[in-house]
Amino acid sequence: MTTAPLIVPADHLPSSALEPVRPAYGSGSLADVLPSVSAVLGVPGAHDALGLRGELDGIERIAVLLVDGLGAHQLPIITPYAPVLAELAGRGRTLTAGFPSTTPVSLVTLGTGVPPGAHGILGFTTKRPDGRVLNHIQWKHDPDPAQWQPVPTRFELAAAAGVEVTVVSKPEFEGSGLTVSAYRGASYVPAKDKDALADHMLAALAAATGPALVYGYHADLDHHGHGDGVDSPRWREAARGVEALLDRLVHGLPPRSALLVVADHGQLNVPADARFDMADIPELRNGVIGVAGEPRVRYLYTAPGAVDDVLTTWRGVFGEAAWVLTRDEAVDAGWFGPVPADHRDRIGDIAVIGQGRTIALAGGWEPPTVGRLIAYHASVTAAEMEIPLLIAR
C-alpha cells in the first residue's frame with residue numbers, strides 16, 4: 001500500500017521564530033499568571049510578578065481563558081480576520097511557556113504556578129517507576145494524581161482564601177489525572193463546545209458574590225493545527241471559532257470583571273525532510289530500551305552502560321538539527337526549573353530537543369498517527385515557547 005504524500009502548508013514564520021527562547025520563570029512565564037491573578041484577588045502570599053494590579057485596579061472577578069495552540073507567532077496569521085483578537089493583541093504582551101512547551105506540562109504549570117521541574121509533569125509521555133510509559137492526556141487514576149503531582153494548585157490556594165473558583169472545560173476531561181493535577185480545588189463545569197464554554201464562564205462570573213477566578217480551556221485550534229497544519233483551511237475555521245468565543249466573552253463581561261487570554265504553546269509545521277524516524281534509521285535504535293516524550297522533545301531510556309554510545313550515535317545522525325543532551329545536561333541548563341530528585345527519572349537518560357523544524361519520530365514505539373501530524377510543538381523555538389497575554393476589562 002502506498003502512503004499519500006505529506007502536504008504541509010506554509011505557516012509564514014520569520015526566521016527569528018525558529019531561534020531558541022528560554023522560559024522566563026519568575027518574571028514572565030505561564031507559571032506567573034495565576035499567582036499574579038491571585039494577588040489581584042487578594043490571596044495572601046501571592047506574588048504579582050506580571051504587575052497586573054495596576055492594569056486590573058478595581059477588578060474583583062477574573063476569567064482566564066487558555067486557547068490551546070494560540071502562540072504569539074500565530075496571532076499575525078489570525079488577526080487580519082479576527083477584529084476582537086486584533087484589538088486585544090494590539091495592547092497585549094508576550095510571555096513564555098515552560099519546557100517542554102506541550103499541553104500537559106503547560107496546563108499544570110498554569111494551574112500550580114510553578115515551573116515543570118517542581119510539579120513533575122515533564123512531558124507528553126514520561127516513564128513511570130515501574131517502567132511503563134504514562135501518557136498524561138490519557139491518564140485516569142493510576143498513578144494517584146496527588147502523589148504524581150504533589151504541588152497545591154492555585155485554585156486550592158485561592159479557594160482557601162475565600163475566592164470562588166470555577167473550571168470550565170470538556171465533559172470528558174472531568175476527573176482525569178491531568179485535570180486533578182492542574183485544577184484540583186475548583187468546581188468543575190462541563191462545556192461541550194465553545195458556546196457552552198462562553199455561557200458557563202460568563203455565568204460563573206455573574207453569579208459570584210465576592211472575589212472569583214473562572215478558568216476556561218478551548219482546544220480546537222491546536223487540534224486542527226496538528227491534523228492539517230497552521231494556516232490550513234480547517235485551522236483558519238478553528239481560528240474564526242476562537243474569535244467568536246472571544247467576542248462573546250469580551251462583550252459579555254459583567255461589571256468589575258476582566259478576561260485574560262493565554263496559551264499553552266505555539267506550533268510549527270514540519271516538512272517531510274525534517275522528520276527523522278527510528279523505524280527508518282536502524283542505528284538510532286541501538287542501546288535504546290524505552291522511548292517517551294514526543295517528536296519535538298524525545299526522551300530516550302538506555303540499556304545499562306549505553307548512554308555514551310547512544311549520545312554519540314544520535315549526535316552523529318542529527319548534527320545541528322537537534323540538541324542531544326544527557327538528563328543532567330538538560331536539568332542543569334535550567335530548562336525545567338529546579339528538578340527535585342523524585343522527578344528526575346521521569347526525564348529520559350537522554351533528551352533530544354529538535355531545533356529548527358526537526359522532529360524525532362519513534363516508529364514502533366508510538367502510534368503511527370503521531371508521524372502523520374502536520375504541526376508539532378514542545379521544543380524551545382520562539383514559535384513554540386512564546387505565548388500571548390491579552391487582557392480585556
Side-chain angles (χ1 to χ4, degrees), residues 23-67 70-72 75 84-85 87-98 106-115 118-119 151-168 182-183 185-186 201-202 204-206 208 210-218 246 249-265 337 385-393:
Y25 302 131
S27 60
S29 78
L30 193 59
D32 302 305
V33 171
L34 287 191
S36 297
V37 167
S38 297
V40 174
L41 296 176
V43 176
H47 176 53
D48 183 16
L50 301 183
L52 295 182
R53 282 194 182 97
E55 292 182 73
L56 300 180
D57 182 47
I59 295 297
E60 297 179 355
R61 294 170 282 189
I62 299 177
V64 177
L65 174 69
L66 189 144
V67 180
L70 183 66
L75 290 178
V84 174
L85 183 56
E87 182 179 354
L88 294 177
R91 58 177 186 268
R93 62 175 114 161
T94 299
L95 307 177
T96 73
S106 290
L107 296 189
V108 183
T109 298
L110 176 73
T112 59
V114 300
H119 61 63
V151 176
T153 73
R154 287 289 161 171
F155 299 99
E156 290 178 291
L157 298 175
V163 178
E164 298 179 51
V165 288
T166 306
V167 166
V168 185
Y183 312 138
M201 290 182 70
L202 292 173
L205 290 173
L213 168 59
V214 178
Y215 167 83
Y217 171 77
H218 183 62
L246 292 178
L249 291 172
V250 168
H251 294 106
L253 288 173
R256 299 185 304 281
S257 298
L259 170 70
L260 275 60
V261 182
V262 296
D264 49 351
H265 55 73
M385 287 289 293
E386 292 184 340
I387 56 173
L389 172 63
L390 313 178
I391 300 176
R393 53 170 299 170

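Keep in mind it's a predicted model, so treat the numbers as computed, not measured. Numbering of residues begins at 1 and proceeds along the displayed sequence. Computed over heavy atoms, backbone and side chain alike; hydrogens, waters and symmetry mates excluded.
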Asker: Has the side chain of Thr96 got a donor or acceptor atom that lies under 3.5 Å from a matching backbone atom of Ala24?
Answerer: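 Yes; at least one donor-acceptor contact below 3.5 Å.
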Asker: For Ala97 versus Leu30, what's the shortest heavy-atom pair and its separation?
Answerer: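 Reported closest heavy-atom pair: CA-CB, 4.4 Å.
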Asker: Can you name the one residue among Leu390, Ile391, Leu249, Leu202 that meets side chain to side chain contact (heavy atoms under 4.5 Å, CB included) with Leu259?
Answerer: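 Between Leu259 and the candidates, side chain to side chain contact (heavy atoms under 4.5 Å, CB included) is satisfied uniquely by Leu249.
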Asker: What heavy-atom pair brings Ser38 and Ala46 nearest, and what distance separates the two atoms?
Answerer: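 Closest approach of Ser38 to Ala46: CB-CB, 3.7 Å.
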Asker: Check the orientation of Phe155 and Tyr215. Use parallel for under 30°, tilted for 30 to 60°, and perpendicular for over 60°.
Answerer: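 Ring orientation of Phe155 relative to Tyr215: perpendicular.
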Asker: Which pairs pass salt bridge (Lys or Arg N to Asp or Glu O under 4.0 Å) with one or both residues in residues 155-166, sequence neighbours excluded?
Answerer: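 Every pair satisfying salt bridge (Lys or Arg N to Asp or Glu O under 4.0 Å) with a residue in residues 155-166: Glu156-Arg184.
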Asker: Around atom CD of Glu87, are there more than 12 heavy atoms of other residues, nucleotides or ligands at under 6.0 Å?
Answerer: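 Atom CD in Glu87 is not packed in, count stays at 12 or less.
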Asker: Between the main-chain N or O of Leu253 and the side-chain N or O of Arg393, is there a donor-acceptor pair closer than 3.5 Å?
Answerer: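 No: the side chain of Arg393 does not pair with the backbone of Leu253.
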Asker: May I ask you to decide if Leu107's main-chain N or O and Asp264's side chain share a donor-acceptor pair within less than 3.5 Å?
Answerer: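 A pair under 3.5 Å: no.
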Asker: Counting N and O atoms only, with roles assigned by atom type, does the side chain of Arg93 sit under 3.5 Å from a partner on the main chain of Leu50, one being a donor and the other an acceptor?
Answerer: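 Looks like yes, one N/O pair under 3.5 Å.
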Asker: Is a side-chain donor or acceptor of Asp48 paired with a backbone partner of Ala39 at a separation under 3.5 angstrom?
Answerer: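 Side chain of Asp48 to backbone of Ala39, a donor-acceptor pair under 3.5 Å: no, none is there.
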Asker: Check salt bridge (charged side-chain N to carboxylate O under 4.0 Å, His left out) between Arg256 and all other residues, then give those that pass, not counting sequence neighbours.
Answerer: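 In terms of salt bridge (charged side-chain N to carboxylate O under 4.0 Å, His left out), with neighbours along the sequence ignored, Arg256 is linked to Glu60.
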Asker: Would a distance-only check, ignoring hydrogens and angles, find a side-chain to backbone donor-acceptor pair under 3.5 Å from Arg61 to Pro255?
Answerer: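 Pair found, side chain donor or acceptor close to backbone of Pro255.
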